[in-house]
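Both counts, for ligands and for their atoms, begin at 1 and track the order of listing. All figures in this text were calculated on a predicted structure; none of them were measured in a lab.
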Amino acid sequence: MSEHRTTVAGVAVDTRHWIGGQRVASPRTFTDASPIDGAPIGEISRGTAVEARAAVAAAKAAFPGWAATPRAERARLLHAVADGVEKRTEELANVETVDNGALLRSHRRGVMPRVAHNFRFFADWLLTLEHEDFATRGHTNHVTWDPAGPCVLITPWNAPLMLATWKVAPALAAGNTVVLKPAEWSPLTASLLADIAAEAGLPAGVLNVVQGYGSEVGDALTSHPDVRRISFTGSVPTAQHIAASAAANLTPLSLELGGKSPLLVFADADLDLAVDLAVEQYDNAGQVCLAATRLLVEEAVAEEFTRRFVAKASRLRQGDPREESTDIGPTIHPRQVAKIDGFVRRALAAGARAVIGGHPGEGQYYAPTLLTDVRQDSEIVQEEVFGPVLTLQTFTSEDDAVHLANDTRFGLAATLATGDPERAERVTARLVAGTVWVNCFFVRDLKAPFGGSRHSGIGREGGTWSFDFYCDLKNTVTAPKGWKDHG
Ligand code: NAD
């Protein structure tokens, strides 16, 4: 490990920024540690406003060339990036696991293939992007998508490369250039992505990566007048800060934020399926924005549901995320463990009962926890914990269920377990949520919109919605030949 590179899981990773096609070091570094055992794994360049401005300048310089690159060529290069991701899936999966502690088997089988798919999907979509013309009094209205300019993309640590490429791929496909700022707790795969993009032949300055703490590098990026889009995934307070910073230039924002999503279990549900869906919420140690952390169960089946839930959850194996048999890995950082435990302590002090868990484990592991006897207006029900902590409340009617489900400041997702399709339709129509899953969880086509309402965010990403965000739409109205406006 040096101040410029490190080797993680046998993979060499450059720990400097990637700006204008060059590796750039900052005078200072910060230490990146693995959540698996807390061991240092890299000295990462600690960006400041200097590197932030240099990256925006590089993105600005590269923009005209990339925007003018024919769609087919942009698509070809994005497919080449996807090829590089596929070639290095094993390396990316291993590095990501050591860096953020999520399961290696998920990274191998689900996450990294999805990363490659993000590039392929938006490359292909780009080639089909067309809007029908409208005719008005003989005039043609022709709508086109113009790339917006340099985009700043800021991402969190819980699914680092997956969430980064979910922004990078459409932004680049649309003809924009990009400055990516990965989270300081999981900075490594963004650096590998820069290598892959360079190997794929992406021109210098089209993709830039700036490392560092959000508080030190963020404002210089988000208040920069040359930045034409900001896409952020992270917490509500950071989003509020970024929105204020972007307001100076009226820079359009897309915000994907936190949640406190419900899982509604009706008495007519397949109870084993409902239990599977509930236990699934411990995936990634609960560090999932979409996680349905509030279990709302119809009173008639609550006792049986809880019995089966406890039986299943007790069989979960917590441990090293590199082991095939592990179900739950560590949480990202000692600070996150303390934060989770703070929520649980306060809930217990307020009268909650821990049906399982309720305490930290060894190191950065937190015991999967289920709390009952919680009040609707309590902190544990209203605020996002971002750890393996679920609450269970009961309801007695559909109205009651919908009221509890909607009664937070968030609106990211909701999951229903019910055997009655008509009920599913009725309840879905009343829920405030960007995504509703009925008898399933986490499945989503990239063509569909993704995002949240209220404090869960602004805007939608996916399919056409991504292109709408990353482009300036233009309507060109052309008069018919010989037209004279006498009006
Ligand atoms: P965070 O807000 O602390 O950090 C996210 C990113 O913002 C990091 O890269 C960080 O360095 C950067 N940042 C921090 N301060 C900044 C500033 N002043 N200016 C610019 N950038 C700044 O969030 P986190 O703790 O990394 O992530 C967890 C949060 O993300 C949770 O609330 C979770 O729900 C949310 N999340 C949402 C989604 C979604 O799609 N809705 C997905 C994953 C995570």
Side-chain angles (χ1 to χ4, degrees), residues 30 32 35 44 46-49 52 55-56 99-100 102 111 152-167 179-187 189-190 209-224 227 230-248 251 253-261 281 283-293 331-333 335-337 339-340 343 383-387 408-413 433-435 442 444 449-462 466:
F30 66 94
D32 180 30
I44 316 295
R46 183 167 165 176
T48 64
V56 174
D99 203 11
N100 92 328
V111 175
V152 162
L153 313 178
I154 303 175
T155 49
W157 42 261
N158 62 325
L161 193 59
M162 173 35 225
L163 290 170
T165 55
W166 172 235
K167 298 179 188 305
V179 178
L180 170 64
K181 211 305 273 167
E184 52 271 36
W185 285 351
S186 58
T189 47
V209 178
V210 175
Q211 303 283 9
Y213 294 114
S215 57
E216 295 179 354
V217 81
D219 283 349
L221 293 173
T222 55
S223 67
H224 200 299
V227 169
I230 299 169
S231 180
F232 168 76
T233 299
S235 64
V236 174
T238 307
Q240 287 165 327
H241 182 95
I242 289 174
S245 170
T251 312
L253 286 165
S254 160
L255 303 174
E256 302 284 358
L257 312 178
K260 194 73 189 175
S261 301
Q281 309 308 322
D283 277 6
N284 203 6
Q287 301 166 121
V288 177
C289 57
L290 293 163
T293 51
T331 50
I332 186 80
H333 195 273
R335 283 224 298 276
Q336 191 67 12
V337 181
K339 187 177 153 210
I340 296 166
F343 275 114
E383 295 301 323
E384 184 185 48
V385 175
F386 226 55
T408 74
R409 65 189 166 108
F410 297 104
L412 190 55
T435 303
F442 221 72
R444 187 175 61 86
F450 172 73
S453 310
R454 307 200 286 212
H455 279 205
S456 290
I458 296 177
R460 294 290 184 272
E461 295 183 78
S466 289

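Using a 4.0 Å cut-off to heavy atoms of I154, the atoms of ligand 1 that qualify are 6 (C), 7 (O), 9 (O), 12 (C), 20 (C), 21 (N). Each of the following atoms of ligand 1 lies closer than 4.0 Å to a heavy atom of T238: 1 (P), 2 (O), 3 (O), 7 (O), 13 (N), 14 (C), 15 (N), 16 (C), 22 (C). Applying the 4.0 Å criterion to heavy atoms of C289 picks out, from ligand 1, the atoms 34 (O), 36 (N), 37 (C), 38 (C), 39 (C), 40 (O), 41 (N), 42 (C), 43 (C), 44 (C). Interface of P156 with ligand 1, defined as ligand atoms under 4.0 Å from a residue heavy atom, comprises 26 (O), 27 (O), 43 (C), 44 (C). The K181 neighbourhood of ligand 1 comprises atoms 9 (O), 10 (C), 11 (O), with distances under 4.0 Å to a heavy atom of that residue. For ligand 1, the atoms lying closer than 4.0 Å to a non-hydrogen atom of P182 are 9 (O). For ligand 1, the atoms closer than 4.0 angstrom to any heavy atom of T233 are 5 (C), 36 (N), 37 (C), 38 (C), 39 (C), 40 (O), 42 (C), 43 (C), 44 (C). Near F450, meaning under 4.0 Å from one of its heavy atoms, ligand 1 places the atoms 40 (O).
Side-chain atoms of Q281 come within 3.5 Å of backbone N or O of A292 as a donor-acceptor pair. Judged by distance alone, with hydrogens and angles left aside, the side-chain atoms of S254 form no donor-acceptor pair with the main-chain N or O of S231 at under 3.5 Å. Checking side-chain atoms of R460 against main-chain N and O of S466 turns up no donor-acceptor pair under 3.5 Å.
The protein atom (non-hydrogen) at minimum distance from atom 24 (P) of ligand 1 is W157 NE1, 3.3 Å. The protein atom (non-hydrogen) at minimum distance from atom 9 (O) of ligand 1 is T155 O, 2.8 Å. Remark: minimum distance from atom 1 (P) of ligand 1 to any protein heavy atom is reached at S235 OG, 3.5 Å. Looking from atom 19 (N) of ligand 1 to the surrounding protein, the closest heavy atom is G218 CA, 3.4 Å. Counting protein heavy atoms only, atom 41 (N) of ligand 1 is closest to L257 O, 2.7 Å. With hydrogens left out, the protein atom closest to atom 10 (C) of ligand 1 is E184 OE1, 3.6 Å, a heavy atom.
Contact annotation: for L163 versus ligand 1, heavy atoms closer than 4.0 Å belong to the side chain alone. Residue contacts with ligand 1 for N158 involve side-chain atoms from C-beta outward but no N, CA, C or O (heavy atoms, distance under 4.0 Å). Under 4.0 angstrom from ligand 1, the non-hydrogen atoms of H241 all belong to its side chain. Counting heavy atoms closer than 4.0 Å to ligand 1, residue I242 contributes side-chain atoms (C-beta onward) but none from N, CA, C or O. Contacts of E384 with ligand 1, taken as heavy-atom pairs under 4.0 Å, involve the side chain alone.
In this structure the side chain of D99 never reaches within 4.5 angstrom of the side chain of P160, judged on heavy atoms. At least one side-chain heavy atom of E256 sits less than 4.5 Å from a side-chain heavy atom of K167. Side-chain contact between I458 and L253 is absent, with no heavy-atom pair separated by less than 4.5 Å.
The cationic group of R335 does not satisfy the cation-pi geometry with W157, failing either the under 6.0 Å distance to the six-membered ring centre or the 45° limit from the ring axis.
Distance check: E461 CD to T233 OG1 gives 6.0 Å after rounding to the nearest 0.5 Å. Taking CD from E383 and OG1 from T293, the interatomic distance works out to 11.0 Å, rounded to the nearest 0.5 Å. Between the OG atom in S456 and the CG atom in L255 there is a gap of 11.0 Å [rounded to 0.5 Å]. The NE2 atom of H333 sits 12.0 Å away from atom CD of Q287, with the distance rounded to the nearest 0.5 Å.
Within a 4.0 Å radius of atom 36 (N) of ligand 1, the protein contributes at least one heavy atom.
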Practice item. Take F442 and D283, measure what side chain to side chain contact (heavy atoms under 4.5 Å, CB included) needs, and give me the verdict at the end. Key: CA-CA 11 Å; F442 221 72; D283 277 6; over 6 Å; no
Practice item. Show your reasoning for whether side chain to side chain contact (heavy atoms under 4.5 Å, CB included) applies to V227 and L221. Key: CA-CA 8 Å; V227 169; L221 293 173; 5.8 Å; no
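Residue contact check for ligand 1: W185 places no non-hydrogen atom closer than 4.0 Å to it.
The stretch residues 214-223 participates, sequence neighbours left out, in these side chain to side chain donor-acceptor pair (under 3.5 Å) pairs: R46-E216, D219-H241, T222-S245.
For the residue pair T408 and K260, no side-chain donor N or O sits within less than 3.5 Å of a side-chain acceptor on the partner.
Not a single N or O atom of G259, backbone or side chain, sits closer than 3.5 Å to an N or O atom of ligand 1. Between S456 and ligand 1, no N or O atom pair is found at a separation short of 3.5 Å.
Closest heavy-atom approach to atom 5 (C) of ligand 1 within the set F232, Y213, F386: this belongs to F232. The closest non-hydrogen atom to atom 22 (C) of ligand 1, taken over S215, A52, G214, comes from G214.
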